[in-house]
There are 2 protein chains.
Amino acid sequence: MAENKHENILRAAQKLFAERGYDGTTVPMIAEEAKVGAGTIYRYFENKQKLVNELFRGSVAQFAATLQAGFPEQKDFREKFRHVFYQLIRYSREQPEAFRFINATVNAYFLDEQSKSDFEGFMDFIERHLDEGKEAGLLRDLPSQAFIAIVYGTIFHLSRTFEDGILEPDDELLAGIEKSCWDAISAG
Amino acid sequence: MAENKHENILRAAQKLFAERGYDGTTVPMIAEEAKVGAGTIYRYFENKQKLVNELFRGSVAQFAATLQAGFPEQKDFREKFRHVFYQLIRYSREQPEAFRFINATVNAYFLDEQSKSDFEGFMDFIERHLDEGKEAGLLRDLPSQAFIAIVYGTIFHLSRTFEDGILEPDDELLAGIEKSCWDAISAG
DNA sequence: AAGACCGGAATGAACGTTCATTCCTCTATT
DNA sequence: AATAGAGGAATGAACGTTCATTCCGGTCTT
């Protein structure tokens, strides 16, 4: 039961932070959602800010793990790109609260230095992957950060569209958008 | 000076909401930033929530006006798309706080129905524009909302990249990204 | 022309409420 | 009986909001 409460509190916080934001969520709200006393939260976390930072880093780590899981190191760049695209989609679909929380929190004033640099490290993985495609001459003559804006930006907005029920995600739609993104970044 | 205070309060709120979010910004903070007494805010706005909604609607209206200003109604679809793309970029560059505030607030729990429907009306304009291109057979066989995710999502993420100083916006870069977006949505 | 007066605009101290955090009691386990 | 874990009442700070008071420009009276 011990480790369980720690996890329950994090999950409750994630849900509420995703819905209402950090400052719109009170510690008693988190306690109620996690079904623990308000004081219990302070047995597991020094304060609210430490809690949100620990949650953020955990989410980013899980996100990074999803992205790297089954990465086709031996295959060609086109295949690697497909992998990254679909794993980004997968995380945003399987952990919509975490995905929303991460993106809403990236630039927040309450993130500490370690959290920021953890996220940068994660983005660096994507950037390095795109750099590889650039060096192979497969991509357009644009900075990697522009490719990130196109691919990550698209997926970010798409996940909102799915969450709001405006579009239904199916294989055909996702395949079409993956091809669109590839065509947006690939050379000639 | 009368209308001026109303405007000063809105601008102060916009700056703070963009930086710290609605719940992370206190009314006394807004008062200090606007250089008025805290009580003065309540002469112009019924309460904090009415203030944030009025600000949101004003920002959306300005955004919509920017998008429609000089719309090349007589030109071909390719030219219209270019217009929309560059006007979206323009607003995000000229009003970065408003752009950030709008996007961070779209799904917020404190937005009232009118604010939500104002924003939907704005998005409808973009969607209708893309529908036109679809009906003309110029675009891929994807839902318009997917195109919005690609174009708007890209620009949204790009504006973060510019704001953080990661990329410098110049004509060549923007032209390259505009072409990328067009290639992502156009048929054949 | 000058002083008295008026009314709305502006203020910031003060209110009740709610927040993050602490502390003390109770329960369960050994 | 002793200890550790958990809960929730208690606490002081800070919140959104109100309100008694001050300020200020214009108008009336003489």
Side-chain angles (χ1 to χ4, degrees), chain A residues 1-59 101 104-105 108-115, chain B residues 1-59 101 104-105 108-115:
Chain A
M1 177 82 89
E3 224 21 39
N4 212 349
K5 276 194 212 277
H6 185 262
E7 193 54 31
N8 287 349
I9 292 165
L10 284 174
R11 274 201 236 285
Q14 177 167 87
K15 178 183 173 184
L16 290 163
F17 289 160
E19 277 169 9
R20 310 180 42 99
Y22 173 71
D23 286 300
T25 301
T26 70
V27 173
M29 277 183 200
I30 298 170
E32 191 188 346
E33 178 75 27
K35 299 195 180 85
V36 299
T40 305
I41 289 178
Y42 290 86
R43 296 197 60 75
Y44 294 92
F45 303 94
E46 201 177 319
N47 54 44
K48 192 187 178 189
Q49 193 170 342
K50 288 273 169 58
L51 162 53
V52 75
N53 275 281
E54 182 172 328
L55 176 61
F56 182 83
R57 284 197 290 273
S59 302
F101 166 69
T105 308
Y109 68 92
F110 48 79
L111 273 198
D112 60 31
E113 287 311 310
Q114 202 197 322
S115 294
Chain B
M1 178 82 90
E3 226 17 42
N4 213 347
K5 275 194 212 280
H6 186 262
E7 192 55 31
N8 287 350
I9 292 165
L10 284 174
R11 273 201 237 284
Q14 178 167 87
K15 178 183 174 184
L16 290 164
F17 289 160
E19 278 170 8
R20 311 180 42 99
Y22 173 70
D23 286 300
T25 301
T26 70
V27 174
M29 277 183 200
I30 298 170
E32 192 187 347
E33 178 76 28
K35 297 195 181 86
V36 300
T40 306
I41 290 178
Y42 290 86
R43 295 197 56 75
Y44 293 93
F45 304 94
E46 202 177 318
N47 54 44
K48 191 187 178 190
Q49 194 171 343
K50 288 272 168 61
L51 162 53
V52 75
N53 274 279
E54 182 172 326
L55 176 62
F56 182 83
R57 285 196 291 273
S59 302
F101 166 70
T105 308
Y109 68 93
F110 47 79
L111 273 198
D112 61 30
E113 286 311 312
Q114 202 196 321
S115 295

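Letters A, B, ... are given to chains in the order of the sequence lines, protein chains preceding strands, and every chain is numbered from 1.
- Remark: C1' of D/dA4 and NZ of A/K5 are 13 Å apart, rounded to the nearest angstrom.
- Screening residues 21-45 of chain A for salt bridge (Lys or Arg N to Asp or Glu O under 4.0 Å), with sequence neighbours left out, gives A/K15-A/E33.
- The ring-ring contact (aromatic ring centres under 6.0 Å, His included) check on B/Y22 picks up B/F17, B/F110, with sequence neighbours excluded.
- With sequence neighbours excluded, the residues that form a side-chain hydrogen bond (donor to acceptor under 3.5 Å, both in side chains) with A/S115 are A/N53, A/R57, A/D112.
- The NZ atom of A/K35 sits 14 Å away from the P atom of D/dG8 (whole-angstrom rounding).
- Taking atom CD1 of residue A/I30 and atom P of nucleotide C/dT18, one finds them 18 Å apart after rounding to whole Å.
- With sequence neighbours excluded, no residue forms a side-chain hydrogen bond (donor to acceptor under 3.5 Å, both in side chains) with A/R20.
- B/L51 has its side chain within reach of B/I30: a pair of non-hydrogen atoms, C-beta onward, lies under 4.5 Å apart.
- Partners of B/E46 according to the side-chain hydrogen bond (donor to acceptor under 3.5 Å, both in side chains) rule, which considers only residues two or more places apart in sequence or in another chain, are B/K50.
- An OP1 or OP2 oxygen of D/dG5 is reached within less than 4.0 angstrom by no side-chain nitrogen or oxygen of A/Y44.
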Which pairs, protein N/O on one side and nucleotides 15-17 of chain D N/O on the other, fall under 3.5 Å?
{"unit_1": "D/dG16", "atom_1": "OP1", "unit_2": "B/K48", "atom_2": "NZ", "d": "2.9"}
{"unit_1": "D/dG16", "atom_1": "OP2", "unit_2": "B/V27", "atom_2": "N", "d": "2.9"}
{"unit_1": "D/dT17", "atom_1": "OP2", "unit_2": "B/Y42", "atom_2": "OH", "d": "2.6"}
{"unit_1": "D/dT17", "atom_1": "OP2", "unit_2": "B/K48", "atom_2": "N", "d": "3.0"}
{"unit_1": "D/dT17", "atom_1": "O5'", "unit_2": "B/Y42", "atom_2": "OH", "d": "3.4"}

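- Regarding A/E32, its CD atom lies at a distance of 16 Å from the C1' atom of C/dC19, rounded to whole Å.
- One can place CG of A/N4 at 15 Å from C1' of D/dG5, the figure rounded to the nearest angstrom.
- One can place CD1 of A/I9 at 12 Å from C1' of D/dG7, the figure rounded to the nearest angstrom.
- Rounding to whole angstrom units, CG of residue A/L51 and P of C/dC19 are separated by 16 Å.
- In this structure, A/I41 atom CD1 and C/dC19 atom C1' are separated by 13 Å, rounded to whole Å.
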